[in-house]
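Right, one structure below, let's go through it.
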Amino acid sequence: MSKSWASTLRLPKSTLPPRPLPQQREQHIRRCSDDFYKWQAENRPAVSSFTLHDGPPYANGTLHTGHALNKILKDIILRVKVQQGRRVTYIPGWDCHGLPIELKALGASGGKHLTPVQIRETARALASKTVLEQMKDFRSYGVMGEWDRRWTTMDMSYEIKQLQLFQQMVRRGLVYRRYKPVYWSPSSGTALAEAELEYNENHISTSAYIRFRITGDWRSDLALGDFAGNLYAVIWTTTPWTLPANRAIAVHDELDYSIVRVGKEAMIIANTCLESVRQACFDARDWDILRVVKGDQIRSLRYINPLQGKEASPQPILHGSFVSAESGSGLVHCAPGHGFDDYELCTPLGIPVSAPVDSDGLFTEEAYPDDPERLKGASVLKGGSNAVLGLLGDDVLAVNKYKHKYPYDWRTKQPIIMRATAQWFADVATIKDSALKALGDVRFVPESGRKRLEAFIKGRSEWCISRQRAWGVPIPALYDANGDAVMNDETIGHIISVIQARGTDAWWSDDAADPAWIPPSLGKEGGYTRGTDTMDVWFDSGSSWTQTGSQADLYLEGSDQHRGWFQSSLLTRVAVLAAGNPRPNATQVGLAPFRTLITHGFTLDQHGKKMSKSLGNIISGDQVMDGSLLAPLKMKKKGGNTPPLVRDALGPDALRLWAASSDYAGDVIIGESVLKATHQSLLKYRTIIKMLLGSMHHSARTAPLTALDHIAIIQLRDVMEEVGRLYENFEFHKAFSALNRWVTNDLSAFYLEALKDRLYCADGGGVLEPIFFGFLRMLGPITPLLVEEAWDHAPSWLKDDPSISHPLQQLYSSPTIDSTRLTQHSESQLREAVPVLMSAHAAIKAASERARAEKVLGSSLQCSVILEVPDGSAALFSLAALADELEAMFVVSSVELNGAVPESDWGFSEAFEARGSQCLAWVLPPRHAKCPRCWRYVAPKEDELCGRCEEVVATPAV
């Protein structure tokens with residue numbers, strides 16, 4: 001090249017750095033989150049409000065990517081709603097009471113030396129510290145909200161609202177106290193709700209076949225001859241430790257039962273279980289079936305439980321609808337103090353409920369009346385079953401180990417038991433129909449969540465809401481000298497007023513005889529004391545709908561909350577608003593606390609395993625933001641020294657893009673391969689934005705638009721409509737795919753590639769402004785820091801536009817272009833032409849790649865192209881209408897339609913060719929010389945400018 005023409009080119013110049021600068025992160029977060037939230041609150045009308053109610057995270061420990069996924073999905077939705085013109089409200093909250101925080105506050109000693117007041121002080125300090133730490137992390141993800149107005153379940157104002165809600169439920173008769181079996185965690189020392197259980201599929205229990213001797217005058221009824229004292233009912237159980245509490249045996253009236261002679265004894269066994277019982281218990285002994293009877297024929301029998309002592313009374317055999325003959329013996333041992341079905345069967349008949357097990361899961365002296373010290377203090381879960389079996393002697397027919405699914409405490413990961421205690425319950429049976437109807441107008445995402453939530457509601461009739469811990473909201477009950485509870489609308493109202501004056505801790509710190517807590521109507525001489533039970537934490541968090549004042553537009557949490565927060569929120573709201581006013585034939589419109597309910601899956605590591613501390617595979621949001629999960633960047637050596645490792649830290653947008661690209665309807669995987677893909681996408685966005693920023697010129701605003709520009713606008717409109725629709729449907733991963741498809745195929749590989757010659761060498765025109773604004777608008781909800789940074793580096797003439805009162809006005813409204821500039825081409829004809837252009841483009845690329853592989857061709861500008869298109873076809877019509885722009889669109893030096901293909905121009909028998917869906921492309925050598933300025937092969941001879949470049953160089957720059 002005889003002369004350098006670089007100074008005459010419009011090469012891109014942008015101050016946007018190749019990577020985000022860490023020192024600017026806080027500034028960008030503040031502007032794109034705090035300032036943005038404030039701006040939309042001041043510039044959006046109240047009538048267009050959108051409320052997202054926070055499912056409060058638990059204030060216990062550090063955050064991980066599961067927390068990040070949840071908060072970022074919420075933030076994406078809020079930003080989409082702002083783009084749609086809504087005023088969003090998001091006030092973050094935290095769940096702060098409960099066992100895990102209490103245990104962590106107590107430490108290794110278990111806090112046995114601490115008073116309830118000391119426990120509460122320690123737990124409050126821990127929760128308060130954790131809230132601030134978690135809030136700092138959430139804000140570092142670029143999540144916007146009213147952080148200064150955050151709420152926690154331990155706030156006085158929150159606790160008062162919760163107690164008032166509880167008072168309303170008591171007023172409606174939906175709260176009662178009862179001695180009955182509940183899920184009890186010996187490891188936690190408290191009752192648990194079903195939502196606090198997880199199931200271990202590999203639990204090993206001791207199973208046993210036991211015989212109980214039938215007593216009384218039964219021989220004439222069954223016509224069995226002389227088996228006096230030798231007839232037995234055979235039961236099978238996987239919890240032999242519950243046998244001291246046995247009070248009945250259940251059979252099914254319609255089942256067939258055989259009376260089987262085994263030696264000199266007779267056994268009652270269900271017909272369908274005969275073979276399995278024989279193999280387990282009597283395989284080598286004589287066996288004769290004496291008679292087959294229906295279950296209702298043996299209900300007149302009575303039996304003796306030897307564990308009840310020498311003075312034990314005969315116990316009944318009852319019909320139980322839950323009895324089946326699919327396993328065991330077809331006769332079910334019933335301990336109403338240790339089983340729900342047993343309790344429901346026995347209590348209406350006046351059968352006593354006993355549970356001789358204490359809060360630590362140890363037998364009490366009532367377990368074995370003949371020798372009270374024999375079982376006392378033995379753990380029912382650790383050796384208790386064997387200890388009981390040892391007392392039964394020959395009545396134990398067989399013992400085995402049995403692997404099955406068993407409930408565990410989801411916090412301590414230890415097995416639980418069923419144990420009758422006096423607890424407070426919420427009546428779910430009365431309100432469940434209203435609750436189910438209330439879901440009729442709720443939108444579920446995914447829709448499968450509806451059946452899941454409905455199933456949990458249908459499957460319960462009551463909710464144990466009391467806990468035996470110190471860290472929580474007290475159940476406002478008083479107890480008289482006999483231990484009987486007193487709790488009504490008046491007493492609760494009085495207690496609430498004292499708590500408002502003295503604080504919740506006063507419930508524990510005030511003297512037990514302090515009369516201030518006793519309402520005047522009870523008098524001062526009754527000897528009343530305050531209870532020590534606290535409310536279930538699900539009741540705590542489920543009361544949070546009282547914070548919004550009305551139905552929220554959206555709840556969004558993990559799928560495990562169908563049995564947790566979603567359910568408790570629905571039940572508490574329905575209990576207050578629908579009780580006493582049922583509408584059995586109508587949807588309870590607006591009764592649910594949420595209009596839309598979205599659930600996401602759990603985060604898994606790259607091997608598909610659930611994250612846990614024991615596996616050491618927990619990933620934090622910081623690890624994604626600082627790039628430590630990816631291979632370090634390769635840096636050039638300086639002075640022979642090995643450069644330090646440099647992480648590719650792309651900041652919060654890397655974490656946010658991972659969340660947006662994930663199909664959250666199922667479990668979400670995070671690992672190096674996934675993050676590498678999102679990093680590549682984010683870097684591509686940044687590269688394109690940098691190019692756009694450096695190529696937009698104020699003088700080009702009036703440049704004429706080409707067909708190529710019109711096509712770019714059409715493609716931009718289409719992708720924005722598609723992305724907007726997917727955002728509206730909460731399908732962010734599909735929006736991410738659509739955006740990437742447009743960036744890769746339409747914007748990068750087609751429009752910008754074709755536009756470079758005009759941008760750098762000609763008038764610099766095009767439609768970069770609407771593309772810039774449209775691109776940022778689509779990126780705004782998912783990568784707001786990149787959008788904020790891009791606006792920072794935008795040319796001053798763009799930011800100083802007098803028509804824009806605030807930069808967000810332009811970034812969050814549809815991109816506009818002067819409509820008078822879009823009249824030169826028919827949009828319908830251009831839409832018809834696009835598939836033809838893409839087909840030809842692909843064919844030309846394929847043919848040029850073949851030539852490049854043969855080392856005959858380098859740059860695509862060396863190509864002269866002949867397109868062979870069927871005469872009279874629509875494809876030919878489309879291409880012919882764009883003939884003047886085909887060279888620029890295909891980034892070649894010349895294009896000819898249906899021209900003759902010369903032979904041996906490159907010394908080969910044929911030119912390079914490739915077939916597209918609507919044409920055949922031939923790639924030929926250039927017909928002219930290379931222009932030293934634009935590098936197109938259109939110059940009259942070597943080292944001379946082409947005509948276009950001569951004109952541009954001769955025209956003074958504007």
Side-chain angles (χ1 to χ4, degrees), residues 20 25 28-29 32-33 52 54-55 57 62-83 90 92 134 137-145 445-446 554-559 561 598-606 610-611 618-630 649-683 685 723 726-740 778-788:
R25 181 184 297 180
H28 289 142
I29 288 177
C32 76
S33 297
L52 191 159
D54 204 16
T62 57
L63 302 179
H64 53 73
T65 47
H67 296 99
L69 175 69
N70 177 267
K71 278 293 191 287
I72 290 170
L73 289 176
K74 292 175 180 176
D75 191 67
I76 290 172
I77 293 171
L78 292 174
R79 293 176 186 273
V80 168
K81 294 303 176 183
V82 173
Q83 286 189 352
Y90 173 56
Q134 291 186 356
D137 285 347
F138 284 140
R139 300 184 79 168
S140 74
Y141 306 157
V143 176
M144 64 181 186
V445 180
L554 179 65
Y555 277 32
L556 188 158
E557 299 302 325
S559 57
Q561 296 307 318
I598 301 177
T599 52
H600 60 77
F602 295 100
T603 52
L604 310 177
D605 67 14
Q606 59 187 350
K610 188 177 179 180
M611 295 185 188
I618 292 179
I619 297 174
S620 70
D622 286 341
Q623 289 175 284
V624 179
M625 295 190 293
D626 66 18
S628 60
L629 297 176
L630 301 176
L650 297 184
D653 284 339
L655 182 63
R656 296 178 63 94
L657 198 59
W658 160 75
S661 65
S662 302
D663 184 358
Y664 62 80
D667 291 338
V668 177
I669 290 179
I670 186 169
E672 183 177 3
S673 59
V674 174
L675 293 176
K676 186 177 180 180
T678 56
H679 263 60
Q680 289 172 343
S681 294
L682 189 52
L683 289 174
Y685 301 161
V723 168
L726 294 169
Y727 278 166
E728 174 65 19
N729 290 330
F730 311 110
E731 297 176 297
F732 308 125
H733 68 292
K734 292 183 179 180
F736 170 77
S737 296
L739 177 61
N740 278 357
M778 289 184 285
L779 289 177
I782 55 179
T783 60
L785 273 78
L786 175 58
V787 171
E788 185 68 39

Can you tell me how far the [atom1] atom of [X] sits from the [atom2] atom of [Y], to the nearest 0.5 Å?
X	Y	atom1	atom2	answer
I670	L604	CD1	CG	10.5 Å
D137	D622	CG	CG	5.5 Å
S628	Q623	OG	CD	5.0 Å

Would you check, one step at a time, whether the test side-chain contact (heavy atoms from CB on, under 4.5 Å) holds for H600 with S559? CA-CA 6 Å; H600 60 77; S559 57; over 6 Å; no

For Q134, the side chain to side chain contact (heavy atoms under 4.5 Å, CB included) test, sequence neighbours excluded, returns P57, L63, W94, T130, F138

Heavy-atom closest pair, residues [X] and [Y]:
X	Y	answer
G142	S33	O-OG, 3.0 Å
P784	R79	CB-NH1, 3.6 Å
A649	D626	CB-O, 3.6 Å
I669	W658	O-NE1, 3.3 Å
H28	L785	CB-CG, 4.3 Å
A68	L655	CB-CD2, 3.8 Å

Salt bridge (Lys or Arg N to Asp or Glu O under 4.0 Å): pairs with one or both residues in residues 653-667, sequence neighbours excluded: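 Listed once each, the pairs are D75-R656.
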
Hey, could you give me each pair passing side-chain hydrogen bond (donor to acceptor under 3.5 Å, both in side chains) that has a residue in residues 672-683? Not counting sequence neighbours. S681-N740

Would you say V723 and K734 make side-chain contact, with heavy atoms under 4.5 Å?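 Not touching, per the 4.5 Å side-chain cut-off.
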
May I ask you to test the L726-F736 pair for a side-chain heavy-atom distance under 4.5 Å? no

Charged N to carboxylate O under 4.0 angstrom, D605 versus K610?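 No.
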
State plainly whether the residues E788 and R25 are in salt-bridge range, i.e. N to O under 4.0 Å.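 Judged by the 4.0 Å cut-off on N to carboxylate O distance, E788 and R25 do not form a salt bridge.
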
Should the pair Y664 and F732 be assigned to parallel (<30°), tilted (30 to 60°) or perpendicular (>60°) ring geometry?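 Plane angle between 30° and 60°, so tilted.
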
